[in-house]
Structure formats: C-alpha cells, structure tokens
Amino acid sequence: MADATRHFLLLLLVASSAATLPSHAQLWDNEALPVVLTPARLKQSRSEVPASVSVIDRQMIIASGIRRIPELFRLIPGTSVGARDGWNHVVSYHGTNYRDSRRMQVLVDGRSIYQAGLATVNWNDIPLAIEDIERIEVVRGPSTASYGANAFLGVINIITRHPDDADKLYLQARKGDNQVEDYLLSHAGSFEGGKYRLSLQSRRDDGFEVNRDGEDRRDSDNSDTLNLRYEKALDQANISLAMGYKQGWVTDDFADIDVTSPDTRHRNHFVSAKMSWDLSKDHHQHLRIDYSGQKQQKEWQAVLPPAFIGQPTHPSPLVRVDANENSRQTRQDIEFQDTMVWSPDLKTVAGIHIKHNRVSSETYYDGSRRSDSIQLFANAEYRISDHVTGNVGASWERDSNDNKDHLSPRVSLHYHLNNHHSFRAVYSEAVRSPDLLETTADWTYRAKNITPTHNGQTTGEYVVKATGNPDLRAEKISSREIGYYANFQHIGLQWDIKLFRDHLSNLVSDSTALDKFSPENSNRLRQQGIETELDYRPSPNWLFHASYAYINSDTTTQNEESFTPSNNFSALLSYKFLSNTQLSLSRYYSQNTRRRGKNTFSRSDLRLAHTLNLRGTEVQLAYVARYQHDDNSELLSDNFYREELRQLFTLSLRY
Amino acid sequence: MKKLLKGLQYALLLLLAVAAYGSDKPSLKVDLVLPVDNVSLRQLASEIASPSDYQLQVYINELPDPTQAGDVLLLVSDGLLPMINSAHYPAKLALYANSVRFSPYRAENASAVYSDQPIARQIKLIDAILKGKPARIAMAWESPSYHQQLHQLTDQYPQYQFNSEQIPADGSASQRKLNRLIQRSDVLLATPEQNLYNAATIRGVLLATYRHQNFLIGPNAGFVSAGALASVVSKPSDYAAEAKAMINHYRDHGRLPMARYPQRYSITINRNVADSLGLVIDDEQSLLNTLRGQ
C-alpha cells in the first residue's frame with residue numbers, strides 16, 4: 001500500500017509538472033517564489049537606527065571628483081581628515097589625536113582593516129579603487145556594542161560594488177597636476193554559477209610639493225592593486241569570496257642624518273570568505289573568515305656620531321650605519337552572527353568575533369608579538385508602541401593584551417512623531433584596549449654594517465629607546481546624544497541634527513615617536529557640540545548635500561584636540577543637464593580649535609563631466625579643479641602645494 | 001488513496017452541478033477547464049458556480065467530449081489557450097490569460113480577462129506612491145507591447161523619466177543589463193514576462209533594487225511577498241466575479257464583451273520593505289482611491 005501510494009504521488013508529480021507551464025505554478029500560488037527580502041535580511045530604517053548614521057553613496061562619490069578614499073570623509077559632519085604625508089591620511093570622527101587612526105573602526109565589506117601591530121589604519125594600503133565603492137556608511141558615535149573594539153569614536157563601513165552591478169569592462173585613465181597618473185581596468189563576469197568582479201589599478205602621485213621653507217618634499221606614492229570579489233547565490237544561502245593584493249612604494253623626506261632615501265616598500269594581501277544562510281525567513285546567520293598580511297620594508301643608511309649607537313670610544317666623529325623599519329603583520333578574524341526576528345516588534349542580532357594578530361619587527365619589537373581577543377555581542381530592537389522604539393545592546397570583550405573584561409553597553413530610545421519625524425536619545429559606552437605597540441614596544445634602531453668599524457664591532461644600538469607600558473588600561477568613552485531626523489520623502493529632503501556630549505578618559509595621548517614615547521592613561525577629554533546634515537534630491541538631476549559641526553573641547557592635554565575641528569562645514573552640489581553632462585561643485589571648510597591657532601582647511605572643487613554613447617560603449621571625459629582658499633599647511637607644518645589650483649583629467653570607457 | 005482522490009473529485013463535480021441545477025430556469029451550460037487541480041483553483045471553480053443561473057461543468061486540463069460540450073468554454077490560464085482553436089463553442093472565454101499571449105487567439109467569439117494589470121494602472125500606483133516627486137522609472141521588456149503601453153503615458157507624466165529598454169532574456173547577460181538599468185533609475189516596473197521575472201531571476205533583481213535604494217513594482221502579489229514594494233493585484237475572487245459578469249453578459253446579449261483587464265483590483269504593499277527603505281506610503285485603501293480618482 002505504501003509503495004502504491006508513493007508510486008501514485010510520483011506519477012502525480014510528473015504529470016503535473018509535465019502539463020504545467022511555468023505560469024501555472026504561479027497561479028495564485030505565492031509559494032513558487034522565494035521570499036528574497038526576508039524580515040531577517042531587511043535593514044533597520046534610518047529613522048530607527050540607534051546611532052547617528054551618515055551615508056556617502058556612489059552618486060556623491062562620483063560628483064565629488066575625489067581621488068583618494070579618505071578625502072571623502074570631509075563630507076561627514078564632525079569628521080577630521082588630514083594628510084601627514086601625501087600618502088598618509090588620518091580620518092577621525094571628532095578628531096581628537098591625529099597621531100594615528102586608532103580610535104575608528106574601518107570595515108571594507110565587513111572586514112576590519114585596522115592593523116593592530118602598528119596600531120593604525122593605513123588608508124594607502126587598502127587594495128581597493130574608489131571607483132569600486134558602492135556606498136559608505138559612517139556611524140557617528142561609539143559603537144563597540146555592535147562593531148567591537150576600535151569602534152571607539154565611530155565606524156566607517158565601506159561597501160564595494162557587487163559583481164552583478166559592475167560593468168563587463170571598465171577602463172579609466174587619469175592624469176593631472178602633481179604627477180598624478182592613475183589607471184584602472186575592471187572586468188565583471190560569470191564563473192561557476194556565480195559572478196565576479198576583478199579590478200587592477202595603478203596609482204601614482206607626488207604628494208605635497210614643498211615644505212615650510214619652500215624646499216621640495218619627498219612623499220610620493222606608487223601603488224598597484226588587485227581586487228577580486230566573487231558572489232554566488234545558492235538556494236537558501238550565499239557565498240562571498242574576496243581577495244586583494246597591493247604592492248608599491250612611498251618616498252619619505254630625508255632626516256638630517258639620512259644618506260640614502262628612507263623609502264618604504266609595501267606588500268599587502270587579504271583573503272575573505274563569508275557564507276550566509278536563511279534558516280527561515282525570520283532567522284538569518286552568517287559566518288566569515290578573514291585573513292590579511294602586510295609587509296613593510298624600509299631600509300636606509302644614516303650617518304651619525306658613534307656615541308649615538310653606544311660606541312663613545314669610537315675614534316671617528318661620524319659613522320655610517322644601516323637602519324631599518326621593517327615589519328610584518330598578519331591578522332585573522334572569525335565571526336559568527338545570528339539575526340532573529342522574534343515577532344514584528346522584536347529583532348535580535350548576536351554573535352561572536354575572534355581575532356588574532358601577529359607582528360614582527362626588529363626595530364619596533366626586537367622580535368615578534370601576538371595578541372588574541374574574543375568578543376561576544378548582542379543587540380535587540382524592540383517596538384514598544386506605534387510611536388516608541390528602543391534598542392539595547394552590549395558587547396563583552398577580552399583582549400590578551402590587557403587581560404581584562406570589558407563590557408560596553410548601548411541603549412537608545414526613538415520617539416516617532418509620525419512616519420516622517422523621529423527624535424532619538426542614545427547613551428553608549430566604548431573601550432579601546434591598548435594596542436601592542438603601546439604595551440609591548442621595544443623600540444630602537446639596531447644599527448648594522450657600521451663603517452668604519454672600531455674593535456671589529458659592526459653592529460650597535462641607538463641609545464634612545466622606547467619601551468611599552470604593560471600596565472596600560474583601556475581608553476574609555478561615554479557618549480550621550482539627542483537627535484532629530486526628518487525625511488520629507490516627497491520633496492527628496494532628509495535632515496538630521498544631533499547634540500552630543502562625550503567624556504573620554506584614560507586617554508593615551510602622547511605621540512608615538514621614539515624620543516617621546518611614554519604611554520600613560522593620563523588624560524581626559526570632554527567634547528560637546530552640535531552637528532547637522534542635510535541631503536536634498538528634488539529630482540534625479542539635482543543633488544545637494546551639506547554638513548556642519550561645531551565642537552567644543554576641554555582637555556588635559558593639547559594633543560587630544562590637535563585634530564578636532566571647532567567648526568567644520570561641507571557642501572556638495574551637483575546638476576545633470578543636456579542628459580549627458582554633469583556639473584558639480586563642492587566646498588570644504590574646517591577650522592581647528594584655538595590651541596592650534598584656528599588653523600583652517602578651505603578648499604573648493606569643481607567637476608565637469610561629459611558622456612558620449614558610442615554604440616553601447618559609454619565614453620566619459622571629466623575635468624576636476626581643486627582650489628585652495630587659504631595658504632595654510634595641511635595638518636602638519638610641511639604640507640604645502642605650490643599652486644592654489646590643481647587639476648585632473650579623467651577619461652573612462654564603459655562597455 | 002487513489003480511489004479517495006478520484007472520489008473527492010467526482011464529489012466536487014457533483015456538488016457544483018447540483019448547485020447549478022438549483023435554479024429553475026433552463027440554463028446556459030458552461031464548461032470550465034482548469035489547468036491543474038489545486039485548492040485555490042477549486043475555490044475559484046466553486047466561486048464561479050455559486051449562485052448563478054448557468055450550469056457549470058469542471059474539467060482538469062482536458063476538453064469535454066465534443067458531444068458533451070456546453071455553450072460557453074471557460075479556460076483558466078495561458079497554458080490552456082491552444083484549446084481556443086481546437087474546441088467548437090459558440091463562446092470561448094480565457095480567464096487569467098496574459099494579454100500578450102492571448103492576442104493571437106483574438107476572434108469574434110473568443111474573449112479574455114487578462115492575468116496582467118495594464119501598465120498604466122501600475123504607473124498610477126507608482127505615481128500615488130511617489131506623490132509626483134520627479135523620478136526615473138525603469139521598465140525592461142521582451143515584448144514591444146509593454147513598451148508601447150508605457151510610451152503612450154509619457155506625455156501624461158512629464159515629471160517622470162521613463163527608461164524603457166528591451167532586454168532579451170538570456171541569463172547572466174540580461175541580468176547585467178537589468179542591473180545597469182536599476183542603477184540609473186529610482187523605480188523598476190516589472191512586466192508580467194516570465195522569461196524576465198521568475199523564481200530563478202527574482203533573487204538577483206530584488207537584491208539589486210534593494211542595494212540601490214530602488215524599488216520594484218509588480219507584476220503580481222507573489223512578487224510583493226518575495227520583496228517587491230507594491231503591485232496592483234486582482235485576487236481569485238475578483239477573477240471569479242469577472243468570469244461571472246462576462247458569462248452573464250453573454251447570456252443577456254448573446255456575445256462576450258471584448259477581452260479586457262480585470263476591472264476589480266486592489267493594491268498590495270510589502271510594509272517590511274517600505275519601512276526598511278524608509279518609504280512612507282499611504283495605506284492600501286487610500287492608494288486604491290487615488291488610483292480610481294476618488
């Protein structure tokens with residue numbers, strides 16, 4: 001009987017599928033289509049996000065005409081952007097200390113690019129072309145509860161273009177003042193049932209031109225990158241693979257004692273794999289594994305008195321030595337995340353993140369160091385009533401570097417006046433665990449090949465030494481904000497305003513320089529102010545985006561406001577006309593706090609682009625002009641351009 | 001098991017026949033052919049049969065023996081359209097047939113209630129959602145008939161830029177073209193073309209619209225559950241009512257009305273998608289009133 005039934009059911013199945021054209025399957029039968037945008041996959045609406053979030057989308061990136069990724073963040077309210085050298089950018093929300101970007105989390109497609117070994121975000125090392133970015137979301141405020149350590153002041157979340165969206169073939173060449181010469185070749189296609197995008201990029205420029213004395217600067221950048229992303233959709237799951245490679249070198253100015261160029265060669269790579277799956281339409285999970293490695297090779301020769309390398313009895317007044325700042329770093333991450341929609345009113349996101357860092361460097365560590373950390377996080381969003389929504393989240397973290405438990409909570413409450421207007425109140429805490437350099441540095445220059453030699457001794461050690469402080473504790477921030485977000489969708493206007501008061505304590509503020517390296521948790525900083533952002537797109541042809549921030553700081557050390565803007569403004573206006581021409585203007589203005597002499601950054605950019613369509617191939621010619629309004633140095637005192645006006649020409653071909 | 005199923009089927013036919021015989025007038029005989037036997041189609045059959053003064057016979061995926069043929073042949077769905085040519089009836093009506101697929105079967109005694117909604121109606125829905133805010137509305141199509149429908153509306157909606165593009169359905173190349181279209185538009189209107197929009201392609205399309213803060217409109221309720229923002233839809237009960245009205249018209253006037261789009265329709269919205277995109281949309285009834293010009 002059982003056999004007969006099975007046989008019958010099988011027959012029925014065959015018969016019905018044979019007789020059924022595709023349309024029958026859909027005959028009032030919604031089950032035939034997969035639910036693609038399941039409740040568990042849908043993102044929170046901006047009016048309910050438990051933080052202030054800014055978005056830079058592709059349209060804005062294109063309109064801005066910006067060539068280097070970090071410069072885009074001038075569009076974000078309250079964010080400081082500066083270049084220590086032409087190739088060495090620092091980006092920090094609310095500024096604070098410019099010495100390194102160690103208080104921001106930066107993610108590219110979910111992979112953190114923070115380099116724990118040297119405690120920095122090296123923007124020049126990301127194997128990614130700005131043209132391959134789809135959008136950037138910036139969380140303005142401490143977000144350790146969802147993003148882990150380093151999400152101390154905020155999070156920059158870069159999302160690259162999906163292979164499905166990329167052009168089959170894209171070629172671009174750019175040339176401009178300051179020896180700018182860039183090439184990009186990008187190709188997208190199908191492979192093994194999935195889609196890939198492959199980009200090859202070559203980027204050159206000469207950095208800043210002169211120092212404060214009008215002498216030529218050496219800070220050029222030469223980078224070649226490869227970036228690959230692969231996406232494959234399975235029935236209930238998705239596989240994403242990514243890899244990248246970068247090689248290049250940057251030049252550096254000679255210090256007084258240097259006799260050969262102290263230039264640096266970089267070689268970096270990363271591999272990422274992410275798998276996500278739906279257990280049901282209300283339950284989504286992902287697992288990701290990331291690996292990255294950076295190799296920095298900086299070897300040069302210097303001439304100095306032998307006493308400096310511990311040979312006071314050496315007969316020569318000066319000796320010539322080999323020095324290096326070589327380093328190798330690797331980082332591995334594993335993350336598992338679970339998203340569950342319990343009811344239309346309750347959604348949770350929870351997970352675990354494990355991280356392993358390793359660094360080896362003769363100069364910085366006289367060997368190698370490693371650190372491990374584990375983070376557990378959970379966040380819940382709950383609709384309390386039609387008008388009120390709440391978010392509660394926390395993260396527990398333990399880092400082998402300080403061996404302490406850290407709990408970072410975040411709570412927020414939203415009051416929705418109606419569907420267009422919402423008020424929010426957010427309280428969050430975050431920590432930044434001290435990094436390897438701060439706790440375990442054993443930093444000095446080990447001189448080799450000393451010539452001439454004395455008593456046959458060919459090696460020596462620089463007498464100035466920096467040692468890490470193993471007792472350092474984590475830096476802390478507690479942040480309070482109230483905000484208001486309005487979305488006048490039918491005229492295309494979004495407006496956000498935020499008032500904030502942040503307390504930062506246990507700050508490790510001294511600059512990481514060999515001669516003044518004494519990491520202590522000795523400082524605190526209070527920041528309060530107001531920020532606002534407006535986005536107006538009344539029609540597809542118009543785009544207007546503006547931001548303004550006022551920040552007031554009170555600190556125990558000047559370092560902690562050295563990078564803080566007291567007034568910070570940006571505006572981007574773009575208009576498309578004649579169906580194939582686009583004109584954009586942007587204005588950036590930032591004024592430092594009084595302690596830095598109210599130094600300003602003030603620049604206007606113009607971009608004009610014209611597109612021709614030649615039998616399915618789009619050819620675009622774009623012109624960018626940047627005009628500097630003041631004659632200030634950028635960030636540090638030796639960063640000058642000769643001319644106020646710098647120009648770029650870009651030719652691109654899209655097939 | 002086999003016997004039980006067959007028994008149920010006969011019982012259903014008997015029930016429908018009895019229901020039809022209930023009225024005393026000697027009545028019209030309507031032969032209803034369903035493509036497959038499933039719960040929703042059985043429900044449709046019983047709604048068409050319920051209080052009426054015609055007699056309804058139900059067949060599954062086959063025509064009755066010519067000697068048993070009644071006065072009106074009622075076919076459900078595109079797959080059965082070839083039966084229009086093979087059967088001899090004074091009147092033939094295709095219910096839930098795609099407008100483009102039906103057009104070769106157009107004849108004096110053949111009519112249809114289309115499965116698709118007119119492009120104009122979906123554009124009205126988009127207009128009601130956008131409330132006239134200038135936008136770029138994209139539509140990919142294989143059959144020029146949809147493009148013509150859209151083209152006729154251009155003057156009526158000067159605030160919208162219509163990006164209408166023929167995209168032959170050939171796998172990944174067509175998806176790349178469609179994604180390009182999505183990236184230079186704000187709204188994508190899906191045509192009821194299964195070569196372009198089906199269970200295999202919908203995932204890529206919906207994820208692309210979502211990535212670009214774009215949204216999909218149409219073509220039917222199934223796509224809205226999958227993740228499209230909204231659509232004009234006609235429910236099975238609407239089609240049952242349309243069929244009854246057409247048959248009654250035939251009974252009273254001796255001919256079927258012209259083939260047409262369903263006159264009964266409503267709006268369905270995916271609230272989750274709207275909320276996530278930060279779109280504030282009126283409720284279904286208000287949108288429907290706007291569409292109907294009330």
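Residue numbers begin at 1 in each chain, while the letters A, B, ... track the order of the sequences. Both backbone and side-chain heavy atoms feed into the values below; hydrogens, waters and symmetry mates do not. Being a predicted model, the structure only gives us computed values, none of them experimental.
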What distance do [X] atom [atom1] and [Y] atom [atom2] have between them, rounded to the nearest 0.5 Å?
{"X": "B:R211", "Y": "A:R161", "atom1": "CZ", "atom2": "CZ", "answer": "10.0 Å"}
{"X": "B:D186", "Y": "A:R537", "atom1": "CG", "atom2": "CZ", "answer": "10.0 Å"}
{"X": "A:R58", "Y": "B:Q183", "atom1": "CZ", "atom2": "CD", "answer": "7.0 Å"}
{"X": "B:N270", "Y": "A:L42", "atom1": "CG", "atom2": "CG", "answer": "7.5 Å"}
{"X": "B:N179", "Y": "A:D164", "atom1": "CG", "atom2": "CG", "answer": "5.0 Å"}
{"X": "B:R203", "Y": "A:D235", "atom1": "CZ", "atom2": "CG", "answer": "7.5 Å"}

(request) With a 4.5 angstrom heavy-atom cut-off, could you sort out which part of A:E48 is near chain B: side chain, backbone, both or neither? (result) neither
(request) Pick one of side chain, backbone, both or neither for A:K195, based on which atoms fall under 4.5 Å of a heavy atom in chain B. (result)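 The answer is the side chain of A:K195.
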At a 4.5 Å cut-off on heavy atoms, which part of [X] comes close to chain A: side chain, backbone, both, or neither?
{"X": "B:Q159", "answer": "neither"}
{"X": "B:I182", "answer": "neither"}
{"X": "B:R180", "answer": "side chain"}

(request) Indicate yes or no: at least one non-hydrogen side-chain atom of A:L37 is less than 4.5 angstrom from one of B:L207. (result) yes
(request) Output the option from A:A233, A:S190, A:P344, A:A188 having the highest count of non-hydrogen pairs under 4.5 Å with chain B. (result) A:A188
